Amino acid sequence: MKNAQEPESTRQRCLDQALALLQAGSVEALSLRAVARRAGVSATAPYRHFESKEALLAALATQGFQQFEAALRSASPGGVHLITIDAFCEMGVQYVRFAQEQPAYYRLMFGSSIADPAAYPALDEAAMAAFSVLLQSIEVLQRVGEIRPGPAHPIAAHVWSVCHGFSALLGAGKFSKVDGLVSDDWSAAFRVQLNILLDGLRADP
């Protein structure tokens, strides 16, 4: 049993240490050799699980998207099929909160370190699964008359863009009291932005 568990354990240890390196520095500073050293395995051990640094980054980004999806789903504990407009706003807050609390993951997931994410099926699937939570939520809210009818995909892309833009500006420290957005109360400020967005998306009475 120990031998059967060891390969997966080594793989996860490498991923854990790669994340720690990203949290402490940059993608450029990360190497498979440094990961091996931090994980306490031989220099060749990571190559048994990842053919390259990019493959390791893709696996790490996959984990990030899986956690991201879980964070989005947490806004509607009863399931996306029961989502309300208030829970939809909370989903947006969860989006920004993930970006603030997991900046290393977030930068990797939405950055350019992985040249062709579609070349890694697990990563592509995890990213689409996260986006699908938002897409399905909009479809539900359209069916109950909270959001105007029409193709859901461009609406989802627009909401995603607003969440991403707010997250990026907040993370870069670009908001200030002058903007009316106080960084230590960003969730309240973001809800205001979401309400403005939703005013334009609501179905006609």
Side-chain angles (χ1 to χ4, degrees), residues 1-77 79-80 91-137 153 156-157 160-161 163-168 170-172:
M1 182 64 69
K2 181 178 178 180
N3 291 338
Q5 292 176 342
E6 187 175 357
E8 183 60 29
S9 174
T10 299
R11 181 181 186 279
Q12 190 57 53
R13 278 160 56 197
C14 288
L15 288 171
D16 291 344
Q17 295 309 318
L19 179 60
L21 285 167
L22 285 183
Q23 290 169 335
S26 64
V27 171
E28 292 72 25
L30 186 148
S31 68
L32 288 174
R33 184 175 294 276
V35 168
R37 186 162 53 248
R38 285 186 61 106
V41 297
S42 69
T44 60
Y47 288 95
R48 300 190 190 109
H49 305 280
F50 313 103
E51 64 181 16
S52 64
K53 171 181 171 177
E54 185 179 81
L56 182 147
L57 292 174
L60 196 59
T62 300
Q63 280 193 169
F65 272 113
Q66 289 167 344
Q67 293 183 26
F68 185 50
E69 179 190 354
L72 296 179
R73 289 188 181 280
S74 72
S76 184
V80 171
M91 184 179 291
V93 172
Q94 290 299 326
Y95 186 115
V96 181
R97 179 168 289 122
F98 181 91
Q100 296 305 299
E101 295 181 352
Q102 300 288 351
Y105 264 142
Y106 194 75
R107 287 193 299 268
L108 178 61
M109 290 156 54
F110 295 105
S112 58
S113 300
I114 302 167
D116 182 13
Y120 300 93
L123 172 57
D124 195 45
E125 181 180 343
M128 288 305 300
F131 181 75
S132 291
V133 176
L134 177 58
L135 182 63
Q136 292 165 15
S137 298
H153 200 282
W160 190 281
S161 298
C163 293
H164 185 75
F166 188 97
S167 298
L170 183 63

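Throughout, residue positions are numbered sequentially from 1 according to the sequence presented. If you're wondering where the values come from, they're calculated on a predicted model, not measured in any experiment.
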To the nearest 0.5 Å, atom CH2 of W160 lies from atom CG of L134 at 6.5 Å
Give the intermediate values and the outcome of side-chain contact (heavy atoms from CB on, under 4.5 Å) for residues R11 and F50.
CA-CA 8 Å; R11 181 181 186 279; F50 313 103; 3.6 Å; yes
Scanning both residues in full, the closest heavy-atom pair of P121 with A119 reads CD-O, 3.4 Å
When every non-hydrogen atom of S167 is compared with those of Q100, the smallest separation belongs to O-NE2, 3.6 Å
Closest non-hydrogen contact found for L108 with A61 is CD2-N, 3.8 Å
Non-hydrogen side-chain atoms of V27 and K53 separated by less than 4.5 Å: yes
Rounding to 0.5 Å, atoms CD (Q17) and CG (L32) come to a distance of 13.5 Å
Can you label the angle between the H153 ring and the F131 ring as parallel, tilted or perpendicular, going by 30° and 60°?
tilted
Open item on the list: Can you tell me if Q23 has over 12 outside heavy atoms packed within less than 6.0 Å of its CD?
Closed with: yes
dist Y47:OH -> S42:OG (nearest 0.5 Å) comes out at 11.0 Å
Shortest non-hydrogen pair, A36 vs P46, comes out as CB-CG, 3.7 Å
Discussion item. Could you tell me if Y105 and Q63 have a donor-acceptor pair between their side chains, going purely by distance under 3.5 Å?
Written reply: yes
Across all chains, not counting sequence neighbours, the side-chain hydrogen bond (donor to acceptor under 3.5 Å, both in side chains) partners of R73 are E69
Query raised in the report: Does some side-chain heavy atom of E101 sit less than 4.5 Å from a side-chain heavy atom of Y106?
Result: no
F98 and G64 have their tightest heavy-atom pair at CZ-O, 3.6 Å
So the side chain to side chain donor-acceptor pair (under 3.5 Å) pairs with at least one residue in residues 120-132 (sequence neighbours excluded) are E54-Y120
With a 4.5 Å cut-off on side-chain heavy atoms, are Q94 and R97 touching? yes
Note: R13 and G40 closest approach over all heavy atoms is NH2-O, 3.9 Å
d(C14 SG, H49 NE2) to nearest 0.5 Å is 6.0 Å
Quick note, salt bridge (charged side-chain N to carboxylate O under 4.0 Å, His left out) partners involving residues 113-122, not counting sequence neighbours, are none
Rounding to 0.5 Å, atoms OG1 (T62) and CD (Q67) come to a distance of 11.5 Å
Rounding to 0.5 Å, atoms CG (L57) and CG (L15) come to a distance of 10.0 Å
